[in-house]
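Comments concern the structure below.
Being a predicted model, the structure only gives us computed values, none of them experimental. Chain letters run A, B, ... following the sequence lines, proteins first, then strands; residues in each count from 1.
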Amino acid sequence: MAKRIRVKDIFSAATSQNYKVMGWVRTFRNNQFIALNDGSCLANLQVVVDNDKTDADIIRRITTGAGIMIDGKLIESQGKGQTVELLAENITILGDCDPETYPIQLKNRPSLEYLREIAHLRFRTNAFSAIFRVRHALSYGIHKFFNDRHFVNIHSPIITGSDAEGAGEMFQVTTLDINNPPKNEDGSINYKEDFFGKATNLTVSGQLEAELAALALSNVYTFGPTFRAENSNTTRHLAEFWMIEPEVAFNDLHDNMDLAEDMLKYLIQYVLDHCAEDLAFLEQRLMDDEKTKPQAERSEMSLIEKLKFCLEHPFERLTYTEAIEILKNSTPNKKGKFQYPIEKWGADLQSEHERYLVEKHFKKPVILTNYPAAIKAFYMRQDDPKEGVPGPTVSAMDILFPGIGEIIGGSQREERYDLLVRRMDEMHIPAEEMSWFLDTRRFGSVPHAGFGLGFERLVLFVTGMTNIRDVIPFPRFPGNAEF
RNA sequence: GCCCCCUUAGCUCAGUCGGUUAGAGCGACGGACUGUUAAUCCGCAGGUCCCAGGUUCAAGUCCUGGAGGGGGCGCCA
């Protein structure tokens, strides 16, 4: 018996030879032609059934979605739509698929919203198999990018006893009986009796742990799940998402920007090189989608053009202070079109402002830096006062992408012990609970910088999808933890 | 957390001013078909009009509440 060959590989295999393939039926036409898909690539293999050699009962069971195995001879296709096809000599039904109840009849073009509700089956569609192959390529590309640059991958903890990271609301982790928890004398819950002997949560960021590692290994990155219990209901937020957090000793803000831009461009190039077929399919899907929209709302570039455009142009780098000036003098601001008008320095930028800068003013990815200290996290490095800048700023950077908004947030870190402690004090962060973190600044502190990349936001951008719930297999969001 | 929209056949959607027996395409099912490409052709079945109240002679259609879904905003990656 021949060994199984993947559909992807059979397209370049020698003809006039026998092969065994296994996969799922996408369509069965003319009682004769099976379009077989095994997920190894987007394309289906055409299998030609010989009615004389195949039992009528088997033919009856070749239904959309059925799992089948075929032994047959590969020949040059006698039809037009494909170069080769497999002449079936023996067909085995591995798993029947009842067409009366199987919800994915692909010819129906089921909506993304409907498929989201049957996420356990949506892998079987072209769109989602393409998305998850691209997601994998990006994941692999990230490890390759950092490995090639001598970064060490650090597995930061998922359960954390630190609740002072300030990145968002946390999910509590406990083995206590929530209906009858042990109490202290003052009525508060006695976490000393909990599994870890203290209150614990799911991590919101591996950054602080990455900093600890960077101050010894120099170049490190984390790539793992993070959890935010924020009640966020948008197309760009998840309660469980994957984040990449590089942290590099001796880097300043500019090195940090260079690293982030290099990484994003590397990953876009990586996907263009390795996922051409899937990207072409996703691009076509988008173009079909666009046809239903009014002219004004259609995008100027196709998906692949957009990706290449990002590669060919340097990201626009400017400070928050410069951005405020542009926004203040912008047409929508003067005409009162912004829901939140830009009045003075110090205001946080709303997504309408970010969108204006990225999509209207610069028309390319933008890196905004040196934000007011008051609206940024405690660990960001405080800038020296500068002429023309009205207030204190920090060496922060946000990378804004068209259609996505913030895809990366990062900073040069405050490495000076006294300044860091003063700032923690101002922001009411308990220094005593963070002494492990402060030890890095007590013992051999050096300048360092890092950032966080929201993995799903990158997948969104690269696939051209618009809802983040469609680029992770089983999305978690408020009110939903199915599967 | 706030604001807006949607929910009719398995899927995608029509359904006019509140008026008789609720419609289409696709899918499914039955049949034909040995070169199809979202195959095609013929035939047939398929409905808790999201749920609960209310208004009305009469509700898929109007009102109130709820559930589910979508979009925008905020929080951020």
Side-chain angles (χ1 to χ4, degrees), chain A residues 26-35 43-54 59-60 63-65 75 77-82 85 87 97-118 125-126 165-169 204-207 225-245 260 288 292 338-340 348-355 375-377 398-401 404-410 451-461 466-470 472 477-480 482:
Chain A
R26 280 292 169 81
T27 62
F28 184 36
R29 288 184 293 267
N30 205 20
N31 239 1
Q32 196 184 3
F33 301 102
I34 301 168
N44 301 321
L45 172 67
Q46 172 149 295
V47 176
V48 185
V49 178
D50 187 332
N51 287 23
D52 297 334
K53 286 187 190 167
T54 311
I59 291 179
R60 197 179 47 74
T63 59
T64 299
I75 59 165
S77 179
Q78 295 166 43
K80 286 218 172 74
Q82 54 282 316
E85 61 194 18
L87 272 179
C97 187
D98 177 13
E100 298 221 35
T101 49
Y102 186 52
I104 298 187
Q105 297 293 341
L106 295 173
K107 281 173 269 191
N108 272 335
R109 301 276 157 118
S111 67
L112 294 173
E113 292 79 11
Y114 172 66
L115 290 169
R116 209 173 289 150
E117 291 178 31
I118 50 167
T125 64
N126 281 338
E165 292 164 32
E169 290 296 312
V204 292
S205 162
Q207 180 199 313
T226 46
F227 308 87
R228 307 249 170 117
E230 302 285 345
N231 191 10
S232 296
N233 295 287
T234 79
T235 53
R236 345 175 265 292
H237 288 85
L238 290 165
E240 176 181 293
F241 65 102
W242 289 66
M243 190 151 62
I244 296 96
E245 295 181 285
D288 293 345
T292 66
F338 282 143
Q339 194 188 337
Y340 300 89
D348 209 347
L349 298 182
Q350 307 297 315
S351 54
E352 60 180 344
H353 307 132
E354 297 179 348
R355 267 207 314 276
I375 56 172
K376 286 290 178 183
D398 281 0
I399 302 190
L400 311 177
F401 261 42
I404 309 287
E406 185 177 344
I407 195 167
I408 278 180
F451 60 84
L453 166 69
F455 184 53
E456 283 76 16
R457 290 190 181 174
L458 176 66
V459 182
L460 260 191
F461 181 74
T466 52
N467 191 317
I468 201 161
R469 296 169 189 179
D470 292 333
I472 187 167
F477 50 94
N480 194 297
E482 286 300 304

[X] near the nucleic acid: base, sugar-phosphate alone, or nothing, with a heavy-atom cut-off under 4.0 Å?
{"X": "A:S351", "result": "sugar-phosphate"}
{"X": "A:E406", "result": "sugar-phosphate"}
{"X": "A:R469", "result": "sugar-phosphate"}
{"X": "A:D52", "result": "base"}
{"X": "A:I404", "result": "nothing"}
{"X": "A:G79", "result": "base"}
{"X": "A:E85", "result": "base"}
{"X": "A:E456", "result": "nothing"}
{"X": "A:Q350", "result": "sugar-phosphate"}
{"X": "A:P103", "result": "nothing"}

Taking only the side-chain heavy atoms of [X] (C-beta and beyond), determine which of [options] contains the nearest atom.
{"X": "A:T64", "options": "B:A28, B:A77, B:G71", "value": "B:A28"}
{"X": "A:T27", "options": "B:A38, B:C33, B:G74", "value": "B:A38"}
{"X": "A:E100", "options": "B:A77, B:U12, B:A28", "value": "B:A28"}
{"X": "A:R457", "options": "B:G35, B:C76, B:C73", "value": "B:C76"}
{"X": "A:L238", "options": "B:A77, B:G35, B:C29", "value": "B:A77"}
{"X": "A:P110", "options": "B:C75, B:G1, B:C11", "value": "B:C11"}
{"X": "A:N480", "options": "B:G69, B:G1, B:G35", "value": "B:G69"}
{"X": "A:S111", "options": "B:U12, B:G74, B:G35", "value": "B:U12"}
{"X": "A:N233", "options": "B:G1, B:A77, B:U34", "value": "B:G1"}

Inset, instruction - For B:A28, take OP1 and OP2 only and decide whether either is under 4.0 Å from a side-chain N or O of A:Q105. - result: yes
Inset, instruction - Report yes if a side-chain nitrogen or oxygen of A:R60 is closer than 4.0 Å to either non-bridging phosphate oxygen (OP1 or OP2) of B:C29; otherwise report no. - result: no
Inset, instruction - Report yes or no: is the ring centroid of A:F241 under 5.5 Å from the six-membered base ring centroid of B:A77, with the two planes under 30 degrees? - result: yes
Inset, instruction - Under a 3.5 Å limit for both distances, which nucleotide forms a Watson-Crick or G-U wobble pair with B:G43, could you say? - result: B:C29
Inset, instruction - Can you tell me, in whole Å, how much space there is between the P of B:C11 and that of B:A28? - result: 14 Å
Legend entry - Where the chi angle of B:C62 falls, syn if within 90° of 0 and anti if not: anti
